[in-house]
Trainee: 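My questions will all concern the structure given below.
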Amino acid sequence: LYAAVFHAYLKALQTRGYPIEYFIEGGRSRTGRLLAPKGGMISMTVRAFLEDARRPVKFVPIYFGYERLIEGTSFIGELSGRGKKKESLGALREHFGRVYVNIGAPIALAETLDAAVPGWRETELTPGERPDWMPQVVDRLGGEILERINAAAAATPISMLALALLGTPRLKMARADLERQLALYQSLYALTPYSAVATVPDTPPGDIIAHGLRMKVISVESHPLGDIVNLAERDAVLLTYFRNNVLHL
């Protein structure tokens, strides 16, 4: 009964042209990498469209990127096997930096169906019926949505610092070397961009390091041969999330 009522509700929203937001992974990533797609909501969207295809439907992949995790302490515990801990509003008093929102290339549902099932317009469904070809179409849509979310990823100053410092044996690097490494990442990406909508900070490397200091994810210690940038071991666990989030870029 619940599934039937929910499907009817989704169909009503869809046929009236309301935008609908849902997360096809079905849960939070603990690693920073996208999870395999869950097909339930996609399947309902496709079925609603097949039952009433008068209004076109497009999936719009959206990437959300963060510079700190509100549930950072819980995240570390979950990686070690503990259960999910409820978030506290008290954590919101801290500074969490910027949120990045990038919009990927839309996917027209009718075009996807034309390519996968040329005769889909002649399909007449009874309530609750799922055509034999539905699982393949749903899997195809799920994979393509995730690919386009990845294509819209935003490398942030924090994720770039994570990429550089997590690659060092002792989680530290001479400041001058770190600036050169960040500049190398920027130049490599300029030469071989991942996509037209992915973003990488174009600010000077020194500003990226200064931002990391303001966010308290790195520290700097003086040394006769030049400043050393440090990443605390505890913060290194958290920063693997941000490194993994943009590693493909």
Side-chain angles (χ1 to χ4, degrees), residues 2-29 31-66 98-156 159 189 192-200 244-249:
Y2 176 82
V5 171
F6 190 82
H7 172 70
Y9 174 63
L10 182 73
K11 180 182 175 182
L13 293 175
Q14 196 168 304
T15 54
R16 293 174 187 176
Y18 288 102
I20 303 167
E21 177 191 38
Y22 51 77
F23 298 84
I24 66 170
E25 296 170 272
R28 298 185 308 176
S29 169
T31 64
R33 296 180 174 89
L34 292 179
L35 304 175
K38 305 287 187 182
M41 290 298 296
I42 299 174
S43 178
M44 284 190 177
T45 303
V46 175
R47 280 177 51 211
F49 181 67
L50 291 173
E51 292 171 13
D52 188 343
R54 290 174 295 174
R55 188 183 292 273
V57 169
K58 288 190 177 183
F59 293 94
V60 183
I62 299 179
Y63 170 90
F64 294 98
Y66 306 93
R98 295 179 60 187
V99 176
Y100 295 76
V101 182
N102 286 353
I103 299 176
I107 303 168
L109 180 51
E111 293 177 9
T112 300
L113 290 171
D114 285 338
V117 192
W120 68 270
R121 286 181 173 82
E122 285 70 52
T123 302
E124 293 186 9
L125 297 181
T126 58
E129 180 186 359
R130 290 180 176 86
D132 293 339
W133 45 261
M134 178 75 81
Q136 290 75 23
V137 169
V138 170
D139 288 347
R140 178 173 177 173
L141 281 167
E144 191 167 354
I145 291 169
L146 290 184
E147 286 180 11
R148 297 194 186 195
I149 291 174
N150 262 340
T156 70
S159 60
Y189 190 83
T192 57
Y194 189 86
S195 75
V197 288
T199 53
V200 169
N244 294 344
N245 204 230
V246 299
L247 201 54
H248 61 289
L249 299 186

Trainee: Apply the test side chain to side chain contact (heavy atoms under 4.5 Å, CB included) to residues I145 and I149: give CA-CA distance (whole Å), side-chain angles for both, the deciding distance (0.1 Å), then the verdict.
Mentor: CA-CA 6 Å; I145 291 169; I149 291 174; 4.0 Å; yes

Trainee: Drop me the distance from M134's CE to W120's CH2, to the nearest 0.5 angstrom.
Mentor: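 So the CE of M134 and the CH2 of W120 are separated by 11.5 Å.
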
Trainee: Considering residues at least two apart in sequence or located in another chain, which fulfil the side chain to side chain contact (heavy atoms under 4.5 Å, CB included) criterion with E122?
Mentor: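 In terms of side chain to side chain contact (heavy atoms under 4.5 Å, CB included), with neighbours along the sequence ignored, E122 is linked to no residue.
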
Trainee: Which heavy atom of L50 sits nearest a heavy atom of L113, and at what distance?
Mentor: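 Looking at all heavy atoms of both residues, the closest pair is CD2-CD1, 4.1 Å.
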
Trainee: When you compare the side chain of Y63 with that of T199, does any pair of heavy atoms fall below 4.5 Å?
Mentor: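 Counting from C-beta outward, T199 and Y63 never come under 4.5 Å.
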
Trainee: Just to verify, what does A8 make a side chain to side chain contact (heavy atoms under 4.5 Å, CB included) with, not counting sequence neighbours?
Mentor: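 A8: no side chain to side chain contact (heavy atoms under 4.5 Å, CB included) contacts found.
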
Trainee: So for atom CD, which belongs to Q136, do other residues, nucleotides or ligands contribute more than 12 heavy atoms lying within a distance under 6.0 Å?
Mentor: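 Counting other residues, nucleotides and ligands, CD of Q136 exceeds 12 neighbours.
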
Trainee: Does any part of the side chain of R98, heavy atoms only, come nearer than 4.5 Å to the side chain of T156, both counted from C-beta?
Mentor: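 Of all side-chain heavy-atom pairs linking R98 with T156, none is under 4.5 Å.
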
Trainee: Around atom CZ of R121, are there more than 12 heavy atoms of other residues, nucleotides or ligands at under 6.0 Å?
Mentor: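 For R121, atom CZ is crowded (more than 12 foreign heavy atoms under 6.0 Å).
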
Trainee: Return the set of residues passing side chain to side chain contact (heavy atoms under 4.5 Å, CB included) with A105 (not counting sequence neighbours), or none when no residue passes.
Mentor: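 Applying side chain to side chain contact (heavy atoms under 4.5 Å, CB included) to A105 gives R148.
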
Trainee: Got a sec, which residues hit salt bridge (charged side-chain N to carboxylate O under 4.0 Å, His left out) with D139, two or more places apart in sequence or on another chain?
Mentor: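 Applying salt bridge (charged side-chain N to carboxylate O under 4.0 Å, His left out) to D139 gives none.
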
Trainee: Hey, is OH on Y9 packed in by over 12 heavy atoms from elsewhere, all under 6.0 Å?
Mentor: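 Check fails, neighbour count at 12 or below.
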
Trainee: Run the salt bridge (charged side-chain N to carboxylate O under 4.0 Å, His left out) test against R33 and tell me which residues pass, sequence neighbours left out.
Mentor: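 Applying salt bridge (charged side-chain N to carboxylate O under 4.0 Å, His left out) to R33 gives none.
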
Trainee: When rounded to the nearest 0.5 angstrom, what is the spacing between CZ in R55 and OG1 in T15?
Mentor: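 Going from CZ on R55 over to OG1 on T15, the span is 7.5 Å.
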
Trainee: To check you understand the geometry: which heavy-atom pair defines the closest contact between A116 and V137, and what is its length?
Mentor: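 For A116 versus V137, the nearest heavy atoms are CB-CG2, 4.0 Å.
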
Trainee: Using the ring of each side chain (for Trp, its six-membered ring), is H248 parallel, tilted or perpendicular to Y194, with breaks at 30° and 60°?
Mentor: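 H248 vs Y194 ring planes: perpendicular.
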
Trainee: Got a second to check how far N245's CG is from T31's OG1, nearest 0.5 Å?
Mentor: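 Between N245 CG and T31 OG1, I get 9.0 Å after rounding to 0.5 Å.
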
Trainee: Nearest 0.5 angstrom please: L141 CG to I107 CD1, how far?
Mentor: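 If I round to the nearest 0.5 Å, the distance is 6.5 Å.
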
Trainee: Could you measure the distance from the CZ atom of F49 to the OG1 atom of T112? Nearest 0.5 Å is fine.
Mentor: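 Result: 9.5 Å between the selected atoms.
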
Trainee: Taking ring-ring contact (aromatic ring centres under 6.0 Å, His included) as the cut-off, I'd like each qualifying pair that reaches into residues 133-152, sequence neighbours left out, listed once.
Mentor: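 Counting only pairs at least two positions apart or across chains, no ring-ring contact (aromatic ring centres under 6.0 Å, His included) contact touches residues 133-152.
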
